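Take a look at the structure below.
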Amino acid sequence: MSDIQEQKASIAITLPDGTVRTFASGSSGFDIALSIGKRLAEDALAVTVNGKASDLYAPIEHDSAVEIVTFDTPLGRDIFWHSASHLMAQAIEELFPGSRFGTGPATEQGFYYDIASEHRFREEDLRAIEKRMLEIGKRNILLQREEMSREKAVEYFSGVRNDPYKVEILEDTLKNVDTVSLYHQGEFTDLCSGPHLPSTSKIRAVLLTNISSSYWRGDSSRESMQRIYGIAFPSEKLLREHVARLEEAKRRDHRKLGTELELFMLSPEIGSGLPVWLPKGAIIRSELESFLKEEQRKRGYMPVYTPHIGNIGLYRRSGHYPYYSESQFPPLTYHDEDGHQEQYLLKPMNCPHHHLIYSSKLRSYRDLPIRLTEFGTVYRHEQSGELNGLVRARGFTQDDSHIYCRPDQLVAEICNAIDLTQFVFSTLGFSEVQTRLSMHDPANQEKYGGTAEVWKQAEKDVREAADRMGIEYFIGIGEASFYGPKIDFIVRDAIGRKWQLGTVQVDYVMPERFDLSYIGSDGQKHRPVVIHRAPFGSMERFIGVLIEHTAGNFPLWLAPVQAIVLPIAEEVQDYAKSVHAALLAAGIRAEIDTRSEKIGKKIREAEIGKIPCMIIAGQKERESGEVSLRRHRQGDMGSFTVSGLVEMLRKEITERT
RNA sequence: GCUGAUGUAGCUCAGUCGGUAGAGCACUUCCUUGGUAAGGAAGAGGUCAUCGGUUCAAGUCCGAUCAUCAGCUCCA
């Protein structure tokens with residue numbers, strides 16, 4: 001008896017730094033935070049108790065490890081934004097009575113809520129909703145958790161709240177759950193597992209960013225709802241920083257920079273989603289291609305070329321045509337006078353052509369691995385709403401290779417492909433790379449080709465290679481392609497956004513479909529394994545990402561114009577021209593600005609044009625036989641002899657630094 | 001493809017109540033010959049995305065189409 005009372009009276013709380021403190025049983029996370037510091041208690045949004053997120057004021061009854069959750073952590077932001085979505089719903093309910101609410105989760109960059117309303121939300125409404133949200137914040141309404149049986153909740157949401165969407169969630173998604181939780185904040189109540197902020201007053205800055213539509217439960221056969229996106233912060237300052245980041249992203253937008261720097265164009269007269277490389281962009285692409293070709297030559301790849309169209313039978317055989325027919329350009333149909341018909345497909349993939357090259361002659365086990373490589377342009381009819389500059393196009397070029405190897409060579413070949421991909425990324429300045437092992441979803445078997453054993457083996461090989469390379473990875477269930485598991489490389493760019501670029505894929509299915517074989521040491525036919533791999537992925541997409549990553553400030557080896565000679569006055573133009581000629585002779589992409597403008601203006605324009613080297617030639621330089629160098633975004637670098645400068649730049653170019 | 005927004009000079013954008021289009025930058029020519037992010041002047045540049053409708057009259061109002069943007073869905 002007394003023991004039980006003793007236990008109830010006090011509990012031991014272990015903090016993240018390992019210290020243990022004693023509190024009265026039933027103390028809340030807030031009490032704990034307050035005992036650590038006033039500032040922490042103010043910043044506290046919620047707690048984790050033995051790793052499980054919980055409300056800040058929920059009583060803690062037992063000894064546990066407790067962590068105070070603040071906005072600085074991913075969990076803290078998730079809880080904050082989730083509560084902000086409830087706050088937005090409350091504001092919308094107050095301003096637009098009769099609105100019904102679907103789901104309103106936090107996302108990586110804020111939150112949204114799906115709303116069914118008679119009212120068509122417009123931009124002006126967002127400002128009014130923001131205002132009301134802040135006003136409700138000031139009311140300092142406490143959020144109250146209430147648990148009830150699912151049946152009671154159904155009654156509550158069909159009666160009191162009259163929200164059919166919540167009822168559907170209760171009766172479908174949650175049909176196996178006995179007890180559910182509701183969160184009340186003033187007049188507003190939402191079905192939610194929580195946890196939530198203790199009070200609406202934590203939300204002090206709000207930005208509603210856009211309105212779009214979504215289908216109820218993501219199902220295009222269900223009704224369309226209005227989705228309002230937003231983001232919220234505990235202070236004005238954090239919001240301002242967020243807005244500054246958005247503006248930075250806008251400044252780096254590859255579509256904007258691509259036009260300004262004359263890298264590529266898109267024109268409805270050519271066709272939607274069909275980018276055209278302008279001379280300056282073509283230089284970047286060609287430099288990247290040369291770089292990879294050079295590297296692949298060292299690694300035993302053999303270049304091939306294949307046509308842009310292929311008989312439709314080829315793609316029926318590979319499975320691409322039936323599987324992806326809705327995202328391909330329709331087949332080209334050819335009839336001759338005898339009524340004979342042939343159908344061709346603009347190639348959506350390079351692999352079938354490569355497989356036929358492989359099987360064009362008898363292969364010995366001694367020949368393997370065979371690594372065929374091609375910058376192969378493919379065409380896919382992406383949905384119109386998906387198109388996005390270079391990043392998502394309908395015609396694009398893959399740095400596509402297919403490696404045909406024996407099963408005993410497979411893991412080593414995957415490792416080689418991983419190594420090449422990592423080399424490419426590090427050369428291009430993507431220092432932060434995440435790796436995803438994209439596995440199949442056993443619950444969705446009809447999505448995939450091949451047998452269960454084949455998948456088991458392929459996934460084991462992929463894992464083994466990733467382990468052998470010592471890379472950190474995470475698993476993506478359901479991310480595999482239809483013919484096999486993948487290793488996908490996701491880079492983080494200079495302003496923290498993630499992009500999926502390179503890929504290495506294992507394929508036991510295509511060798512079967514194309515009846516690929518080699519003669520083993522036993523004199524018998526054996527089935528090779530295929531690796532599909534593309535470090536850049538798509539040249540268009542990669543360069544699009546590279547533009548945003550570098551903000552158009554390309555390293556010297558990639559810069560379309562590497563140097564521009566700027567004569568100070570007409571009197572020194574002949575000298576400047578001789579410098580220009582020397583640069584050209586050294587293979588440096590150089591221009592010269594002989595306009596009768598002042599040097600300040602020439603420099604300004606070269607800076608805006610993001611030209612890495614400005615080479616200034618005036619009377620002083622002519623006398624000494626030197627030039628003065630100004631580097632883009634760095635300023636004056638001093639004087640150099642022409643030959644010294646050329647040598648320095650050539651070194652930087654060949655080393656690709 | 002779906003929902004919403006947008007489309008005016010090479011670029012960025014004005015254009016009121018429906019009355020035949022305007023700025024800045026860029027471009028061309030001339031003046032200016034200079035020292036590390038904008039020297040001056042003049043000129044040229046437009047079937048207002050396309051097609052149709054309403055109207056005496058359409059950049060402006062209505063409809064369709066095309067394209068772009070933000071999301072949704074998809075991504076071999």
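Quantities reported herein were computed from a predicted structural model and do not represent experimental measurements. The sequence lines fix the lettering, A, B, ..., with proteins before strands; numbering per chain opens at 1.
The A:Ile603 side chain lies nearest to B:A37 when the options are B:A76, B:A37, B:U33. The side chain of A:Lys601 approaches B:A38 more closely than any other nucleotide in the set B:G34, B:A38, B:A37. Residue A:Arg380 places its side chain closer to B:A76 than to any other of B:G1, B:A76, B:G35. Which of B:A67, B:U36, B:C72 sits closest to the side chain of A:Arg227 comes down to B:C72. Side-chain proximity of A:Arg255 to B:U36, B:A70, B:A26: nearest is B:A70. Distances from the side chain of A:Ile616 to the nucleotides B:C74, B:G35, B:G71 place B:G35 closest. In the set B:C27, B:C75, B:U36, the nucleotide with an atom closest to the side chain of A:Arg595 is B:C27. Listed nucleotides: B:G34, B:A38, B:A76. Nearest to the side chain of A:Arg604: B:A38. When distances are taken from the side chain of A:Lys598 to each of B:G35, B:G39, B:A76, the shortest belongs to B:G39.
Note on A:Pro268: only backbone sugar-phosphate atoms sit closer than 4.0 angstrom, heavy atoms only; bases stay farther off. Here A:Glu479 lies out of heavy-atom contact (under 4.0 Å) with every strand. Using a 4.0 Å heavy-atom criterion, one finds that A:Ser267 contacts no nucleic acid atom at all. A:Lys620 comes within 4.0 angstrom of a nucleotide base, judged by non-hydrogen atoms across all strands. Across all strands, A:Glu621 comes closer than 4.0 Å to base atoms (heavy-atom distances). Backbone-only contact: A:Ile599 has heavy atoms under 4.0 Å from sugar-phosphate atoms and none from a base. Residue contacts for A:Tyr323: at a heavy-atom cut-off of 4.0 Å it reaches no nucleic acid atom on any strand shown. Contacts of A:Phe482 with the nucleic acid, taken as non-hydrogen atoms under 4.0 Å apart, are absent. No engagement by A:Thr209 is indicated, since no non-hydrogen atom pair under 4.0 Å with the nucleic acid exists. Counting non-hydrogen atoms under 4.0 angstrom, A:Glu597 reaches a base of the nucleic acid. Using a 4.0 Å heavy-atom criterion, one finds that A:Gly618 contacts the bases of the nucleic acid, with or without backbone contacts as well. Among the heavy atoms of the strands, none lies under 4.0 Å from A:Glu571. Among the heavy atoms of the strands lying under 4.0 Å from A:Ser384 is at least one base atom, whether or not backbone atoms are also near.
Mapped onto RNA chain B by nearest heavy atom, A:Ser596 and A:Leu629 fall at different nucleotides, with A:Ser596 at the one closer to the 5' end. Take the nearest nucleotide of RNA chain B for A:Leu387 and for A:Gln619: the residue whose nucleotide is more 5' is A:Gln619.
Checked against the 6.0 Å centroid criterion, the rings of A:Tyr358 and A:His402 do not qualify as a close aromatic pair. Within the 6.0 Å centre-distance limit, the rings of A:Tyr229 and A:Tyr112 are counted as a close aromatic pair. Ring to ring, A:His440 and A:Phe482 are not that close: their centroids are 6.0 angstrom or more apart.
Defined by atom type and a distance below 3.5 Å, a donor-acceptor pair is missing between the side-chain atoms of A:Gln226 and A:Ser117. Between the side chains of A:Gln505 and A:Thr503, a donor-acceptor pair is found at a separation under 3.5 Å. Of the N and O atoms on the side chains of A:Arg436 and A:Gln500, at least one donor lies less than 3.5 Å from an acceptor on the other residue. Judged by distance alone, the side chains of A:His254 and A:Glu548 do bring a donor and an acceptor atom under 3.5 Å apart.
Of all nucleotides present, only B:C27 satisfies the Watson-Crick or G-U wobble test against B:G43, with each distance under 3.5 Å. B:A57 is unpaired under the criterion used here, namely a Watson-Crick or G-U wobble arrangement in which both key atom distances are under 3.5 Å. Judged by Watson-Crick or G-U wobble contacts below 3.5 Å, the nucleotide B:A70 has B:U3 as its partner. Applying the Watson-Crick and G-U wobble criteria (two distances, each under 3.5 Å), B:U16 pairs with nothing in any strand. Taking a pair to require two hydrogen-bonding distances under 3.5 Å in either a Watson-Crick or a G-U wobble arrangement, B:G52 pairs with B:C62.
Going from the P atom of B:U32 to that of B:U36 covers 22 Å, rounded to whole Å. A distance of about 16 Å separates the P atoms of B:U55 and B:C62, rounded to the whole Å. Comparing B:C2 with B:A58, their C1' atoms sit 32 Å apart, to the nearest whole Å. Between the P atoms of B:A23 and B:A44, the separation comes to 12 Å (whole Å). Separating the P atom of B:C74 from that of B:C27 is a span of 47 Å, rounded to the nearest Å. Here, B:A21 and B:G40 have their C1' atoms 28 Å apart, quoted to the whole Å. Spacing of C1' atoms, B:C25 relative to B:G18, comes out at 32 Å, to the nearest Å. Distance check on atom C1': B:C48 versus B:U60 gives 10 Å, rounded to whole Å.
For a distance-only test at 3.5 Å, the side chain of A:Ser272 fails to qualify as a donor-acceptor partner of the base of B:U68. Evaluation of atom-type donor-acceptor distances gives a pair under 3.5 Å for the side chain of A:Arg392 against the base of B:C74.
Separating the CD1 atom of A:Ile228 from the P atom of B:A70 is a distance of 19 Å, rounded to the nearest angstrom. As a whole-Å value, the separation of A:Arg394 CZ from B:C66 C1' is 12 Å.
A:Tyr229 does not qualify as a stacking partner of the B:G71 base, lacking a centre-to-centre distance under 5.5 Å together with planes within 30°.
Among A:Arg252, A:Arg245, A:Lys250, the single residue meeting the salt bridge (charged side-chain N to carboxylate O under 4.0 Å, His left out) criterion with A:Glu248 is A:Arg252.
Distance check, rounded to the nearest 0.5 Å: CD of A:Glu607 to CZ of A:Arg631 gives 11.0 Å.
Within the structure, a side-chain polar atom (N or O) of A:Lys486 is placed less than 4.0 Å from OP1 or OP2 of B:A76.
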